[in-house]
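Naming: A, B, ... by sequence-line order, numbering from 1 per chain. Predicted model, so just to flag it, every value in this text is computed and none were measured.
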There are 2 protein chains.
Amino acid sequence: MKYNTVLLNQYWTDIYFHLRYNHHDKISHQAVRILQLIEKRDSIGVGEVAENLEVSHNTASEHIKRLIEKGWVLKERSSHDERKVHLRLTKEGEKVLHRNSSLDEVKLKQILESLPIEDAENIFQSLQLLSECARR
Amino acid sequence: MKYNTVLLNQYWTDIYFHLRYNHHDKISHQAVRILQLIEKRDSIGVGEVAENLEVSHNTASEHIKRLIEKGWVLKERSSHDERKVHLRLTKEGEKVLHRNSSLDEVKLKQILESLPIEDAENIFQSLQLLSECARR
DNA sequence: AGATTATATCTTATAGTACGATATAAATTC
DNA sequence: GAATTTATATCGTACTATAAGATATAATCT
């Protein structure tokens with residue numbers, strides 16, 4: 001069977017375009033990427049951020065400094081190896097990331113509640129399955 | 001019935017985090033937003049871009065100038081009203097936007113082909129339905 | 001003690017973001 | 001047809017983001 005990934009992507013981008021948050025955060029491209037990385041990874045340091053964004057370690061260090069100044073990220077030194085840093089999001093950082101990458105929960109709920117239960121459950125199960133495959 | 005939109009968003013962001021493109025485009029936050037807006041709207045001018053991004057018209061005009069310089073956007077004057085501008089994406093602009101908002105079609109295809117046909121079809125139909133609801 | 005690793009800071013350079021003021025040119029109103 | 005409105009463009013200015021090389025520091029490993 002041939003799958004129409006082009007059409008699937010059209011659905012995907014339409015959903016995000018129409019259901020995303022209308023926020024007023026002043027946030028840069030790299031800032032969102034770093035926040036995402038920190039949230040999705042169990043434990044991550046400055047070097048791994050640099051590697052992932054494909055920028056130099058000093059650039060990554062500067063980015064993180066700015067995110068800490070904004071109150072979105074916390075830095076902790078590893079107890080085993082005091083050179084290493086563990087990054088994690090603050091509550092505010094989680095909120096900012098949510099507004100910049102998730103679907104608006106009010107809009108989402110309205111749609112789900114307007115659908116027949118089996119359709120809503122299908123959406124839920126489909127995304128669950130796809131996310132599990134995506135994580136390998 | 002209560003829907004767990006928080007969990008659904010976790011699936012959503014996991015999917016995008018793991019299946020997005022690893023691109024090397026140097027692109028800013030606002031540039032992606034404007035490209036998306038131009039692609040999703042039938043016809044859009046400078047003023048509407050400004051309104052949508054909630055920036056002043058001169059700022060929007062500057063953004064668009066830069067996108068034109070990069071070869072991602074084309075500007076055409078309306079034939080009915082020569083003051084108005086119609087913006088549209090170039091082929092290259094479409095590609096850049098795709099790499100910055102869509103799911104990697106190779107990764108997506110691999111996953112869909114690894115699933116039972118009814119699961120893949122369910123994913124397809126679920127996203128189709130959700131996108132239709134999102135567009136109203 | 002010396003090498004390596006992980007991160008931070010300083011300097012410099014370029015691009016992105018934003019807006020007020022002003023300009024232009026087409027369309028509309030009086 | 002002169003005055004006004006509308007849509008967009010440009011100029012000047014200011015501040016932030018992005019990036020990397022050079023250098024520094026401090027912990028850990030050999």
Side-chain angles (χ1 to χ4, degrees), chain A residues 22-38 41-88 93 96-97 99-100, chain B residues 22-38 41-88 93 96-97 99-100:
Chain A
N22 296 321
H23 62 80
H24 297 270
D25 303 314
K26 270 194 173 184
I27 189 164
S28 75
H29 195 74
Q30 297 292 58
V32 176
R33 289 186 71 191
I34 294 171
L35 294 180
Q36 276 176 333
L37 205 56
I38 294 173
R41 294 257 189 275
D42 238 22
S43 173
I44 193 165
V46 176
E48 285 154 293
V49 170
E51 208 177 305
N52 243 282
L53 267 67
E54 298 180 86
V55 296
S56 68
H57 57 101
N58 37 17
T59 300
S61 181
E62 299 268 11
H63 277 300
I64 289 158
K65 191 166 76 178
R66 245 171 298 138
L67 294 176
I68 291 168
E69 278 164 11
K70 285 185 172 164
W72 297 342
V73 167
L74 288 177
K75 198 191 280 186
E76 285 161 2
R77 291 282 164 176
S78 163
S79 47
H80 302 297
D81 184 343
E82 290 255 329
R83 293 169 306 177
K84 284 183 189 165
V85 153
H86 286 309
L87 298 169
R88 54 188 191 82
V96 170
L97 175 59
R99 286 196 297 269
N100 281 279
Chain B
N22 295 321
H23 62 79
H24 298 270
D25 303 316
K26 269 194 174 183
I27 190 163
S28 75
H29 195 74
Q30 297 293 59
V32 177
R33 287 186 72 190
I34 294 171
L35 294 180
Q36 276 177 332
L37 204 56
I38 294 172
R41 292 256 190 275
D42 238 22
S43 174
I44 193 164
V46 176
E48 284 154 292
V49 170
E51 209 177 303
N52 242 282
L53 266 67
E54 299 180 86
V55 296
S56 67
H57 57 101
N58 38 16
T59 300
S61 182
E62 300 267 10
H63 278 300
I64 289 158
K65 192 165 77 179
R66 245 172 297 138
L67 294 177
I68 290 167
E69 279 164 10
K70 286 185 170 166
W72 297 343
V73 166
L74 289 176
K75 198 190 280 185
E76 285 160 2
R77 290 282 164 176
S78 164
S79 47
H80 302 297
D81 185 342
E82 290 254 330
R83 292 170 305 180
K84 283 184 190 166
V85 153
H86 287 309
L87 298 170
R88 55 189 190 79
V96 170
L97 175 58
R99 286 197 296 269
N100 281 278

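When distances are taken from the side chain of A/Val46 to each of D/dA9, C/dT11, C/dA8, the shortest belongs to C/dA8. Listed nucleotides D/dG21, D/dA19, C/dC19 differ in distance to A/Asn58; the shortest reach to its side chain belongs to D/dG21. Listed nucleotides D/dA7, C/dT17, D/dA17 differ in distance to A/Lys70; the shortest reach to its side chain belongs to D/dA17.
The nearest whole Å value for the distance from the CG atom in A/Leu53 to the C1' atom in D/dA20 is 15 Å. Atom-to-atom, CD of B/Glu48 to P of D/dT8 comes out at 7 Å; the value is rounded to the nearest Å. Atom P of nucleotide D/dC11 and atom NZ of B/Lys65 are separated by 7 Å, given to the nearest angstrom. Separating the CD atom of B/Glu76 from the C1' atom of D/dT8 is a distance of 16 Å, rounded to the nearest angstrom. The CD atom of B/Glu62 sits 16 Å away from the P atom of C/dA21 (whole-angstrom rounding). For B/His80 and D/dT6, the NE2 to C1' distance is 17 Å, given to the nearest whole Å. Remark: C1' of D/dT10 and NE2 of B/His57 are 11 Å apart, rounded to the nearest angstrom. For B/Lys75 and C/dA25, the NZ to C1' distance is 14 Å, given to the nearest whole Å.
Remark on DNA chain D: of its neighbouring residues A/Arg66 and B/Asp81, the 5'-side contact belongs to B/Asp81, judged by nearest-heavy-atom nucleotide. Place A/Ser56 and A/Glu82 on DNA chain D by their nearest nucleotides, and A/Ser56 ends up nearer the 5' end.
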Tell me, with the steps shown, if A/Lys75 and A/Leu87 meet side-chain contact (heavy atoms from CB on, under 4.5 Å).
CA-CA 5 Å; A/Lys75 198 191 280 186; A/Leu87 298 169; 4.1 Å; yes
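B/Arg83 contributes no side-chain N or O that forms a donor-acceptor pair with the base of D/dT8 under 3.5 Å.
At least one side-chain nitrogen or oxygen of B/Ser28 sits closer than 4.0 Å to the OP1 or OP2 atom of C/dT17. One finds a side-chain N or O of B/His63 lying less than 4.0 angstrom from the OP1 or OP2 phosphate oxygen of C/dA18. OP1 or OP2 of C/dT9 has not a single side-chain nitrogen or oxygen of A/Ser61 nearer than 4.0 Å.
Taking the salt bridge (charged side-chain N to carboxylate O under 4.0 Å, His left out) definition, one finds that A/Arg83 meets it with A/Asp81, sequence neighbours left out.
Closest non-hydrogen pair, A/His23 versus A/Asp25, comes out as ND1-N, 3.1 Å.
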Side-chain donor-acceptor distances from residues 62-74 of chain B under 3.5 Å, at least two apart:
none

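In the displayed structure, A/Arg99 atom CZ is contacted under 6.0 Å by more than 12 heavy atoms of other residues, nucleotides or ligands.
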